[in-house]
Visitor: 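Got a structure for you, written out below as structure tokens; questions coming shortly.
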2 protein chains.
Amino acid sequence: MSTAPNHDVFQAVADPTRRRLLKLLAQNDRALHELTDHFDMSRTAISKHLQILSEANLVSGRKSGRNKIYHLHPEPLKEVKDWLAYYEKFWENKINMLKHYVEKDDSDH
Amino acid sequence: MSTAPNHDVFQAVADPTRRRLLKLLAQNDRALHELTDHFDMSRTAISKHLQILSEANLVSGRKSGRNKIYHLHPEPLKEVKDWLAYYEKFWENKINMLKHYVEKDDSDH
DNA sequence: TAAACGTGACACCAAAAGGTTTCGTATTTA
DNA sequence: TAAATACGAAACCTTTTGGTGTCACGTTTA
């Protein structure tokens, strides 16, 4: 069974609150209540967001006493990066074409 | 006013149907009904997805006779790439550490 | 000109998303 | 031991999302 990935990484990352959570966890592991302090939102709401991130395997949580400490696992983001790579060439071509055009334009004046 | 970006690029890209649309448009411009042929979904649904992509400035549509031809604009994806760059170092570190570990493990046997 | 085609604009709908509050329970702390 | 803390789970609510079908209208085509 494992952690049924009900949510994929694209959807997990689509929400701004969840992106802020990832950024906080990139700095260091934090307990749920610490994370909650950074938002104008209930603990339950933050917990649900972490649940979604967890289903995308972007975070994990371990219990420590009465706290639950969350930890970042950025690896699944590689899927997004790989997906982007396909489109990168398109906008790079456009940038190159623009650069070429500007250079030509400069030399014409 | 311009095209009020009601949807950001992260959300636009979160839906698998919309990602498929982007991929089709990466190959060449296509009319709405051509795009629709690739999906098991109504034309109206596809049109709405294109609307969302359009609000994220990822596609544009021009009218040609009775057709509406859609075109890809991949530039906004750069925002996603920039966002990813921040996390890239994390998983690269992990990959390097793993590689190092494996190499050590190999030499130990 | 009549019929077929491609689209936009609506109205509508079910399910999912993103929140809330409440309550129970384990763990610390005073 | 009593109170405070941190959390999970459940019930609930509103808005958004992702889809449908229908109708009217301009554009082609026969």
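The basis for the numbers below is simple: all heavy atoms, side chains too, and nothing from hydrogens, waters or symmetry mates. Below, read A as the first sequence line, B as the second, and so on, with proteins coming before strands; counting in each chain starts at 1.
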Visitor: Do the ring planes of A:Phe90 and A:Tyr86 sit parallel (below 30°), tilted (30 to 60°) or perpendicular (above 60°)?
Guide: tilted
Visitor: Nearest heavy-atom pair of A:Phe10 and B:Val13: which atoms, and what distance?
Guide: CD2-CG1, 3.7 Å
Visitor: What heavy-atom pair brings B:Asn57 and B:Pro76 nearest, and what distance separates the two atoms?
Guide: O-CG, 3.2 Å
Visitor: Take atom CG of A:Leu32 and atom C1' of D:dA9, then tell me their distance rounded to the nearest Å.
Guide: 14 Å
Visitor: How close or far is atom P of D:dA6 from atom CD1 of A:Ile46, stated in whole angstroms?
Guide: 15 Å
Visitor: Indicate whether OP1 or OP2 belonging to C:dG8 is found under 4.0 Å from a side-chain N or O atom of B:Gln51.
Guide: no
Visitor: What integer distance in Å separates B:Lys68:NZ from D:dT27:P?
Guide: 14 Å
Visitor: Using whole Å, report how far CD of A:Glu55 lies from C1' of C:dG18.
Guide: 14 Å
Visitor: Determine the interplanar angle of the B:His73 and B:His71 rings, folded into 0 to 90°, and report it as parallel if under 30°, tilted if 30 to 60°, perpendicular if over 60°.
Guide: perpendicular
Visitor: When you check the gap from the basic side-chain N to the acidic O, do A:Lys78 and A:Asp82 get nearer than 4.0 Å?
Guide: yes
Visitor: Taking only N and O in the side chain of A:Gln11, is any of them less than 4.0 Å away from OP1 or OP2 of C:dA16?
Guide: no
Visitor: What string of B, S and - do you get for nucleotides 19-30 of chain C, 5' to 3', if B is base contact, S is sugar-phosphate-only contact and - is no contact with any protein heavy atom under 4.0 Å?
Guide: BBB-----BBS-
Visitor: Considering heavy-atom distances to DNA chain C, does B:Tyr70 or A:Arg18 have its closest nucleotide positioned more toward the 5' end?
Guide: B:Tyr70
Visitor: Quick one: closest heavy-atom pair of A:Arg30 and A:Leu24, and the distance?
Guide: NE-O, 3.2 Å
Visitor: How close or far is atom P of D:dG26 from atom CG of B:Asn67, stated in whole angstroms?
Guide: 17 Å
Visitor: Could you check how far CG of B:Leu35 sits from C1' of C:dG8, rounded to whole Å?
Guide: 16 Å
Visitor: Sorted by first residue and then second, give each ring-ring contact (aromatic ring centres under 6.0 Å, His included) pair with at least one member in residues 11-67 of chain A; sequence neighbours left out.
Guide: none
Visitor: Rounded to the Å, how far apart are B:His33 NE2 and C:dC5 C1'?
Guide: 9 Å
Visitor: Whole angstroms only, please: what is the CD1-P distance between A:Ile69 and D:dT5?
Guide: 17 Å
